[in-house]
Amino acid sequence: MRVSEMLKEIRGPWLKRVSHTLMRGEEGREALEQTLNRYYDLLLQAVATGDPGWLKPLLIEWASLRTEDELQEVDLSLSPVMAAMIGETFNVAREVLEPEAALELYEALLPVYTYSYTEIARHEILLRVSYVSSQLDKVKDELQRLDRSKSDFISVAAHELKTPLTLIEGYAAMLREQIRKEEETSPIVLMLRGVNNGTTRLGEIINDMIDVSLIDNNLLTLSFQPTWVNRLIEHLVEETTTLATDRGQSIDVIPFDGWEKQTFADTERIFQALRNVMTNAIKYTPDGGKITVSGRTLPGFLEVTISDSGIGIDPEDQSMIFRKFGRLGAVATHSSGKTKFKGGGPGLGLPITKGILEAHGGTIWVESDGYDEQALPGATFHVLLPLRNEPPDAKAAKLFRSAEENLDS
Ligand code: ADP
């Protein structure tokens with residue numbers, strides 16, 4: 001008996017069995033039988049022509065008939081349906097046909113069924129991949145929207161806070177004028193000093209918020225000037241020595257080859273970046289600790305390192321601290337002072353530092369063996385700054401070049 005004839009012979013019982021296996025109730029059975037019949041017609045064609053490709057359009061149609069709910073399921077598969085169809089073919093063939101004929105039918109159907117299985121699995125995977133990637137796109141859009149609204153909030157809040165803060169500062173200054181004659185130890189003078197400290201800190205936080213929103217929105221403008229890293233370091237140490245001494249800490253500077261080279265950078269912004277790293281070194285090092293500033297010259301760059309003997313940072317947290325609000329669990333959750341041990345802060349200092357350095361074409365990273373308040377492994381921050389012979393902006397470069405020529409002549 002020819003294979004197509006065998007297939008025709010088992011068609012009736014096959015249809016009955018498969019539709020019962022796949023659907024226990026009566027509802028929807030007619031539609032299922034129609035689909036199975038379509039499959040069977042194509043199966044006959046495939047066997048007659050030796051080309052399983054006849055089944056392809058129907059298999060793709062089945063794989064694509066997925067609802068959003070089904071796509072959300074982890075275990076998405078038409079393969080059990082295929083398995084039932086294949087299994088029942090062999091069962092029915094064994095029951096209806098002679099063993100030899102059944103075997104012949106198996107052999108003829110095997111490539112067609114393998115093809116069906118592979119095609120359906122391939123389309124299911126493609127469908128799932130495109131579903132998951134569309135979900136990822138949605139999540140990405142939502143995250144970007146949230147980040148934008150966070151950044152908008154920071155910028156609006158910072159500007160709105162600035163006006164009342166200026167008022168408080170103004171009135172506090174007037175009050176201070178009024179009681180000028182009083183003794184320095186008078187309670188009112190002391191209270192006013194408290195108000196001043198508070199407004200200064202608040203002003204710093206507001207400025208940080210403004211800087212972070214400028215960086216977020218790519219609006220940070222740099223004013224490139226001749227800059228000398230050794231002078232910046234000396235100035236930095238001068239400014240922070242009192243803070244460190246108050247905490248019983250020492251600051252050592254180890255000069256390195258090339259640190260006196262002139263480069264072009266936004267001097268104030270680079271100083272701000274270095275100061276952030278330095279105040280952190282003081283803040284996250286216990287009283288009596290040691291801070292060392294050094295560096296090296298690399299081809300096209302100057303690298304400044306600020307090392308401390310403090311609490312250190314776990315390797316898995318080392319990239320997080322450069323993201324906004326990326327402060328770690330060990331620090332105080334409120335802003336209790338700029339250099340108090342583990343004083344905490346809004347978690348904006350390092351993101352700003354990174355933004356400033358990246359705007360210059362440099363970068364910053366940290367090395368630390370881990371976080372340990374007993375063993376104090378310390379941390380070393382590396383600040384990489386490009387060496388520039390002239391400012392990147394052509395107009396400014398021309399200006400500085402002619403100024404130099406005038407000086408030479
Ligand atoms: P913060 O305002 O919290 O100091 P930063 O952005 O300056 O914000 O720092 C982010 C976090 O990185 C800090 O909260 C702290 O957990 C960690 N950190 C920064 N510098 C050091 C350091 N030198 N040693 C240990 N941890 C540090």
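If you're wondering where the values come from, they're calculated on a predicted model, not measured in any experiment. Order of appearance sets the numbers: ligands from 1, and atoms from 1 within every ligand.
Under 4.0 angstrom from ligand 1, the non-hydrogen atoms of Ile313 all belong to its side chain. Contacts between Val277 and ligand 1 below 4.0 angstrom, taking non-hydrogen atoms only, are absent altogether.
Interface of Pro351 with ligand 1, defined as ligand atoms under 4.0 Å from a residue heavy atom, comprises 6 (O).
Looking at Asp208, Ile321, Asp314, Thr353, it is Ile321 that brings a heavy atom closest to atom 17 (C) of ligand 1. Ranked by closest heavy atom to atom 25 (C) of ligand 1, the top entry among Tyr284, Phe325, Phe381, Tyr371 is Tyr284.
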* For Leu357 and Leu384, what are the C-alpha separation, side-chain angles and deciding distance, and is it a side-chain contact (heavy atoms from CB on, under 4.5 Å)? -> CA-CA 8 Å; Leu357 291 165; Leu384 200 65; over 6 Å; no
* Show your working on side-chain contact (heavy atoms from CB on, under 4.5 Å) between Trp259 and Ile233 and close with a plain yes or no. => CA-CA 9 Å; Trp259 79 331; Ile233 294 177; 3.9 Å; yes
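Heavy-atom contacts from other residues, nucleotides or ligands closer than 6.0 Å to OH of Tyr106 number more than 12.
With contacts defined as side-chain heavy-atom distances shorter than 4.5 Å, the pair Ile168/Leu202 does not qualify.
In terms of polar-atom proximity, Gly347 is counted as a contact of ligand 1, with an N or O under 3.5 Å from an N or O of the ligand. In terms of polar-atom proximity, Leu350 is counted as a contact of ligand 1, with an N or O under 3.5 Å from an N or O of the ligand.
For Gln272 and Arg269, the side-chain atoms include at least one donor-acceptor pair closer than 3.5 Å.
Tyr113 contributes no side-chain N or O that, together with a main-chain N or O of Met82, makes up a donor-acceptor pair within less than 3.5 Å.
Distances shorter than 4.0 angstrom occur between a heavy atom of Gly312 and an atom of ligand 1.
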